[in-house]
Amino acid sequence: MTLPNPQHLHSFLNSLNEAQHKAVLHEPAAPLQILAGPGSGKTKVLTSRIAYLILHHSIPASSICAVTFTNKAATEMQERLCKLIGKQRTSAVRMGTFHALCALFLRKFSKVVGIEGNFTVCDHDESKKIIAGLLKPYKDFLASKDISLKDGTVLSYISRAKAKGTTAKEFIAEHKKANNDRRSSDFDPQDDIQRVVGNIYQDYEKALRRSNSLDFDDLLLFGVKLFTEHPPATSWCRHVLVDEFQDTNVTQYELMRAIAAPTKGCVTVVGDPDQSIYGWRSAEVGNLAKMRKDFTGTEQIFLEENYRSTGAILKASLAIVSQDKSRIPKTLLTSHPLGTIPVLRSFPSEQAEANFIAVEIKRLVASMGGVLRWGDFAILLRFSALSRAIESALQKEAIPSAVLGGHKFFERQEIKDILAYLQLVDNPSFVPALTRAINIPSRAIGEKSIEALIARADKTKMSPLDVIERIYDSHQPDIKPAVKHKVGPFVKTVRALRKLATEGTSPPDLIQRLLALIQYEDHLKKTQPEWESRWENVQELITFASEVEHDVNLVDVDTNADPSSSDTPLRLFLQASMLSSEGDNQSEEDSKEKVTISTCHAAKGLEWPVVIIPAVEQGTFPFYRTDDVQEERRLLYVACTRAQTLLYLSHVSKRKVGGETKTKEISEFVASATKEHSGIFTLRTPQLPPPARAVVTRVLGRPDAPEAEVLRRVAEFRKTTRYLDSADDAVGQSEVLYHPALGMGGNARPTATFVSSSSMTMAGASSSNAKPPTRRTPKFGSLVRPASLHPGSSSSSGAQGQILAPSKQNVETPVSTLTVPAKPFVAVQSGVPPPGVPPPVTGGVKRRLGMSGMGRGGMGFPNKKFKPPIL
DNA sequence: ACATCTACTCCAATC
DNA sequence: GAGTAGATGT
C-alpha cells in the first residue's frame with residue numbers, strides 16, 4: 001500500500017479546479033458552506049478536504065466526523081477517501097449516516113439518556129403496526145365524524161413533528177393554542193384529527209419506550225439529547241462535515257450543531273438548494289440561512305463547474321430551474337462541448353410515447369456503434385406507476401430493463417420474520433417482534449390472544465414475552481383462548497436461540513439454527529407461491545450477517561466510552577439490518593446490461609449517458625397534489641442534470657390515470673422555459689454522424705466505434721425495426737409534435753410512428769427473449785467523466801421545422817427539425833429526405849452557461865440546412 | 001382463525 | 001390495473 005505523502009497531497013490538490021481548491025484549503029476554523037451544483041465534484045472536494053485536514057492540519061482522523069444521508073453516499077465517501085489517505089486512517093474517521101452515528105453513541109452512552117443499550121430500532125412497518133393498534137379506540141369516534149384517518153397518515157404527522165423536534169406534549173399544546181385562537185364555532189375536521197394524532201403521538205412514545213425501542217426519528221432526537229447534555233460524547237470532535245446539507249431537517253441540523261459544539265465552528269457543509277427535493281420529507285433548505293446566522297463568519301464557496309454533462313443539457317436544465325424567480329441565482333459552467341440539443345417530443349398516447357422510447361433506445365445503440373449499451377440509458381419518472389407502458393414497450397422490443405428501488409431487501413416479509421426472532425432474543429421487550437414471531441409459522445394465536453397477553457404484561461409490569469414464558473412454565477394462569485400449548489414451540493425456539501446467543505454463536509449460525517427450529521423453508525413452501533426467491537433472500541441475509549461480522553472487527557473504533565459496552569455481534573447485525581436500506585445486490589456487470597427505470601427522486605446523485613424523461617405533463621410534473629410547485633421544478637432539474645450526453649423529454653396528449661383517460665397538457669416548467677429561452681429543445685432526434693458521436697465519446701471518455709461497426713449495427717437495426725407512415729398505419733397511431741407557439745403540445749398532425757417488426761411479430765407470441773424487468777436494485781458504479789471541449793453554436797432564423805418521413809420501403813426513424821427560435825414552426829409530414837446534422841462542433845473554450853448568455857435568438861440551435869443524417 | 005370476496009384508493013421513499 | 005383494508009363466510 002502506498003502511504004500518503006506530501007507528494008501525494010500535492011498531486012491531488014493539483015487536480016482540483018480553482019473553486020474546489022479554495023474549498024479544500026479553506027481555513028478549518030471558519031465555518032464553510034460549499035454550494036455545489038450537479039456534477040461539480042462535491043464528493044471529491046469533501047474527501048479532499050478531509051484528507052487535507054488530516055495530512056496538512058494534522059487533525060487526527062478519529063476526531064473528524066463526516067455525515068451523510070445514505071449508506072451509499074457514506075460508502076462512496078469511504079472508498080474515495082481510502083484512495084487519498086489509506087485504509088487505516090479512513091476507518092478512523094467517524095463517517096456514516098446521521099442515524100448510524102447516533103446509534104453508535106447511543107449504544108455506548110444509553111444510560112445517559114435513560115434508555116437501555118440493547119434498544120431495538122423500530123422501522124416504519126413496525127411503527128405503523130403500533131399506531132394501528134393505538135388508532136383502534138378512536139375508530140368509532142372518527143367514523144361518527146366521517147373522518148378517515150389511516151395509520152400511515154398518523155405516523156407521518158408524528159414523524160413530521162419529530163423531525164422538527166416537537167414533542168408529544170408540545171404538539172398537543174400547540175394544537176390547543178391554535179384551537180383557542182380560532183373561533184370555536186367552526187368545526188374543522190382538522191381539529192379532531194390533530195387531537196387524535198396528539199393523543200396517539202403520546203401513546204406511541206410510551207409504547208416505544210415500553211418496547212425498549214427507538215424509531216428513526218428517535219435516533220436523531222436522543223442523539224441530540226445525548227450530544228448536548230453529555231460533553232464526553234462529543235469531546236473527541238474537532239471538525240464536522242455534512243453532505244447533502246439541503247436535505248437536513250431541523251433535528252438533523254440541531255444534531256450537527258451539538259456534535260460540532262466542541263469544535264467552535266469547525267464545520268463544513270456541502271449542498272445545493274437547487275437540488276432540494278425532499279421538502280415533503282421535512283427537509284429544510286432554510287437550514288443554509290440558519291447556519292449562517294448560528295455560525296458567525298460562515299463563508300460560501302460556489303462550485304459551478306460541471307464535469308458531467310454537455311453544454312446543451314446544462315442550458316436546458318438551467319432554463320427550467322431558473323424559472324423559479326425566488327431562487328438564488330447560480331449558474332453552471334462546463335468544459336464539455338455543447339453537444340446535441342435535448343429532444344422534446346409529444347405523442348398521442350402513453351403507448352406511442354413508450355414505443356418511441358423503446359425504438360429510440362435501440363436506434364441510439366445502433367447508431368453509436370455499440371459505444372452505448374443498455375445500461376447507459378435511464379428512464380426517469382415522476383412516479384413509479386408511470387412505468388407500466390414503458391416496461392411493456394421495452395419488453396416488446398426485447399430491451400432488458402430493471403427498476404431502480406422497488407421493494408427493499410430488509411422490508412421483505414421473509415427477512416422480517418427472521419429478524420423478529422433475533423430481535424426478540426436481543427431485546428425481549430420489543431413487542432412488534434413478538435407479535436410477528438409468535439405466529440411464524442402459523443400457530444393459530446390470534447389477535448385476541450395477543451391483546452390479552454399484552455394487557456396482562458402491562459398490568460404486571462413484565463414484558464409480554466415474560467408473560468408467555470411464565471404461562472408456558474405454569475407460573476401463571478393461562479388466558480382464555482388457551483394459549484399455553486400453542487406457544488410451546490415458540491418458547492422453546494426463543495429459549496434455544498437465547499442460549500446460543502449468550503454462548504457467543506455468530507449471527508449467521510443463529511439464523512441457520514432458527515431456520516431449522518421453525519422449519520422455515522417448509523413454512524415458505526406452504527404459504528408462499530414464490531417461496532424459492534424468498535428462500536434465496538433468506539440465504540442472502542445469512543451472507544449479509546457474515547459480512548457485518550467481518551466489518552465490525554475492522555471498523556470498531558474507540559469512543560473513550562465504557563469498554564465493556566454491550567455491543568454483541570447479534571446486536572450489531574440487527575442494527576446494521578435496520579439502518580441499511582440496501583437493495584438486492586445485483587452485480588455491476590448485470591446492471592450494465594439493463595436500461596434503468598427509476599423515479600426522479602431515486603435518481604439523485606446518479607448519472608447516465610442518456611436520460612429520458614417521459615410524462616412531462618401538467619398534473620404529473622408538477623404533480624397535481626403537490627404543495628410546493630418549485631420543488632417539483634427542481635425535481636425536473638435534478639432529473640435533467642443526470643444526463644451526460646443525450647436528454648429526452650416527452651409528453652402525451654392523453655394518458656390513462658387510474659383507469660380514466662385524461663387529456664394532458666405539457667408541463668408548465670417546459671412551456672415557460674421554452675418560451676423564455678427558445679432553442680433549448682428540438683423535435684429532431686439526434687442523428688449522430690461522426691462529429692456528434694465524437695462528442696458523446698469524449699464526454700464519456702470512451703473510444704469511438706469503428707465506422708464499419710456503426711454501419712453494421714445500423715443495417716441490423718433497419719432490418720429489425722420498421723417505420724410506418726401514418727397514412728398506411730394500421731395501428732392508427734400518429735405522432736403529435738410539440739408546438740412552442742401553442743405552448744401546449746396539441747398540434748396533432750399525422751406523421752409517423754415506430755413499429756418494430758419484432759414487436760409486430762411477437763405480439764402475443766412468447767418468442768421474445770426479453771426477460772420481464774426485474775424489480776431489483778442494481779448497484780451503480782461511478783462513471784468516468786473526463787473533460788473535453790468545444791461548444792457548438794449556431795443561431796437560427798425563422799425557418800421551418802421539418803419532419804422527415806423516410807421512404808416507405810426503407811427503415812428510417814422520423815426526424816423532425818425545429819429551427820424556429822421565437823416564432824412558431826410548422827411541423828410537416830412529408831417524404832422529404834432527412835435534414836439534420838448536429839450543430840457544428842467547435843472546441844477549446846470554456847463556456848458560461850448562465851441564462852444571461854441566452855438571448856432571444858437562442859443559441860446552439862441547428863441552422864436551417866442539414867446534411868442527410870447517418871440513419 | 002383463516003379464506004375469499006368486494007370496494008376503494010392510487011406521489012416521491014432516506015434511515 | 002393492482003394492492004389491500006375490511007367485511008363476510010366457513
Side-chain angles (χ1 to χ4, degrees), chain A residues 67-74 96-103 121-125 127-128 132 135-136 139 143 148 150-153 155-156 159 162-163 214-221 223 243-244 246-249 251-252 255 276-283 350 380-389 391-392 404-408 410-411 439 442-450 481 483 486 527 575-583 598-605 615 619-628 631-632 634-636 638-639 656-661 777:
Chain A
V67 202
T68 61
F69 273 84
T70 64
N71 289 303
K72 204 164 110 201
T97 63
F98 280 104
H99 297 86
L101 190 78
C102 288
V121 178
C122 183
D123 76 5
H124 292 308
D125 273 356
S127 293
K128 254 165 96 172
L135 193 57
K136 265 188 195 150
K139 259 183 97 180
S148 96
K150 282 177 288 180
D151 46 13
T153 316
L155 179 60
S156 77
S159 183
K162 285 181 153 189
L214 302 182
D215 67 14
F216 291 120
D217 300 309
D218 282 336
L219 284 172
L220 306 176
L221 289 167
D243 193 17
E244 302 278 20
Q246 79 282 349
D247 290 342
T248 49
N249 63 33
T251 303
Q252 282 156 338
L255 196 60
S276 131
I277 54 173
Y278 285 115
W280 52 273
R281 217 164 65 181
S282 300
E350 54 198 318
L380 304 185
L381 311 167
R382 178 59 186 81
F383 50 90
S384 7
L386 291 168
S387 72
R388 189 192 318 285
E391 285 184 52
S392 66
L404 187 52
H407 2 271
K408 293 296 192 280
F410 289 100
E411 272 150 32
N439 263 323
S442 177
R443 302 190 178 98
I445 299 162
E447 220 178 318
K448 282 268 148 54
S449 312
I450 293 172
V483 123
K486 292 191 205 160
T527 58
Q575 175 161 311
S577 302
M578 299 311 286
L579 296 184
S580 146
S581 68
E582 204 132 323
S598 167
T599 62
C600 297
H601 282 95
K604 191 169 169 217
T620 304
F621 226 140
F623 189 72
Y624 73 109
R625 280 200 61 162
T626 186
D627 32 34
D628 185 353
E631 183 161 301
E632 297 281 311
R634 293 191 294 269
L635 182 59
L636 184 58
V638 167
K656 258 200 229 101
V657 186
E660 243 182 318
T661 305
T777 313

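In the text below, chain A, chain B and the rest are named by the order of the sequence lines, each starting its count at 1.
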Can you label the angle between the His601(A) ring and the Tyr278(A) ring as parallel, tilted or perpendicular, going by 30° and 60°? tilted
Quick one: [atom1] on [X] to [atom2] on [Y], what's the gap to the nearest 0.5 Å?
| X | Y | atom1 | atom2 | result |
| --- | --- | --- | --- | --- |
| His99(A) | Thr70(A) | NE2 | OG1 | 12.0 Å |
| Leu214(A) | Cys122(A) | CG | SG | 9.5 Å |
| Leu155(A) | Lys128(A) | CG | NZ | 7.5 Å |
| Leu381(A) | Thr620(A) | CG | OG1 | 10.5 Å |

Under a 3.5 Å distance rule, please check whether Thr626(A) uses its side chain to pair with a backbone N or O of Phe623(A) as donor and acceptor. no
Which residue lies toward the 5' end of DNA chain B, Arg443(A) or Thr97(A), if each is placed at its nearest nucleotide? Arg443(A)
How would you label the contact of Thr620(A) with the nucleic acid (heavy atoms, under 4.0 Å): base, sugar-phosphate, or nothing? nothing
Among Leu635(A), Leu636(A), Val638(A), side chain to side chain contact (heavy atoms under 4.5 Å, CB included) partner for Cys600(A): Leu635(A)
Does the side chain to side chain donor-acceptor pair (under 3.5 Å) test come out yes or no for Ser159(A) and Asp217(A), once each step is laid out? CA-CA 7 Å; Ser159(A) 183; Asp217(A) 300 309; 2.9 Å; yes
Rounded distance (Å) that lies between atom C1' of dT4(C) and atom CG of Asp151(A): 12 Å
Any protein N or O atoms within reach of nucleotides 8-10 of chain C? Criterion: under 3.5 Å, listing atom names and distances.
none

Nucleotide by nucleotide, 5' to 3', does protein get under 4.0 Å of the base (B), only the sugar-phosphate (S), or neither (-) in nucleotides 7-14 of chain B, counting heavy atoms? ---SBBBB
